[in-house]
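Here is the structure we will look at, set down as structure tokens.
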Amino acid sequence: MTTPEIDPKICPLCGKPNHCAYQAGSPHTDCWCVTTSVPKELLQQIPADKRRKACVCQACVNEFNEQKMTH
């Protein structure tokens, strides 16, 4: 049985493009994540087999932060 290859340009949580500048060939300092804090609680929601293989997208970070603020 083969495991599916993980696309580093796809968010491991929602399956949509993560808009990672580094994966697109730009310097990592050009990425949106440089100016955004990604909560550890959100990172813990990534399935273990996808951790450190693909970045979470900004939409998932924003949604998580909004939900956190309303609860």
Side-chain angles (χ1 to χ4, degrees):
M1 184 166 126
T2 60
T3 55
E5 188 172 322
I6 296 169
D7 186 342
K9 295 180 182 178
I10 300 296
C11 176
L13 294 174
C14 70
K16 296 179 182 174
N18 58 20
H19 303 289
C20 177
Y22 181 72
Q23 288 300 323
S26 297
H28 74 278
T29 52
D30 289 350
C31 196
W32 64 266
C33 71
V34 173
T35 59
T36 302
S37 178
V38 180
K40 288 181 184 179
E41 298 91 349
L42 179 63
L43 295 175
Q44 291 172 345
Q45 293 179 17
I46 300 171
D49 63 329
K50 294 183 179 180
R51 288 186 185 165
R52 298 192 175 275
K53 296 177 183 159
C55 295
V56 174
C57 71
Q58 190 171 17
C60 283
V61 173
N62 291 342
E63 183 179 330
F64 179 85
N65 286 332
E66 287 172 13
Q67 288 178 358
K68 192 173 177 183
M69 291 177 73
T70 60
H71 289 105

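Residues take their numbers from the sequence shown, with the count starting at 1. These figures come from a predicted structure and were not determined experimentally.
Applying the 6.0 Å contact sphere to OH of Y22 captures no more than 12 heavy atoms from other residues, nucleotides or ligands.
The nearest pair of heavy atoms linking R51 to Q44 is NH2-O, 2.7 Å. Closest non-hydrogen pair, K53 versus D49, comes out as NZ-O, 2.9 Å. In this structure, C60 and L42 approach most closely via the heavy-atom pair O-CD2, 3.9 Å. Taking each heavy atom of A21 and P27 in turn, the nearest pair found is CB-O, 4.2 Å. Nearest heavy-atom pair across P12 and P47 is O-CD, 4.1 Å. Nearest heavy-atom pair, P8 versus N18, reported as atom, atom and distance to 0.1 Å: O-ND2, 2.9 Å.
No donor-acceptor distance shorter than 3.5 angstrom exists from the side chain of W32 to the backbone of C57, with no hydrogens or angles considered.
Rounded to the nearest 0.5 Å, atoms CD (Q58) and SG (C11) are 11.5 Å apart. Distance check: H19 NE2 to C55 SG gives 12.5 Å after rounding to the nearest 0.5 Å.
Residues I10 and V56 do not share a hydrophobic cluster, defined by chaining ILVMFWY side chains whose heavy atoms lie under 4.5 Å apart.
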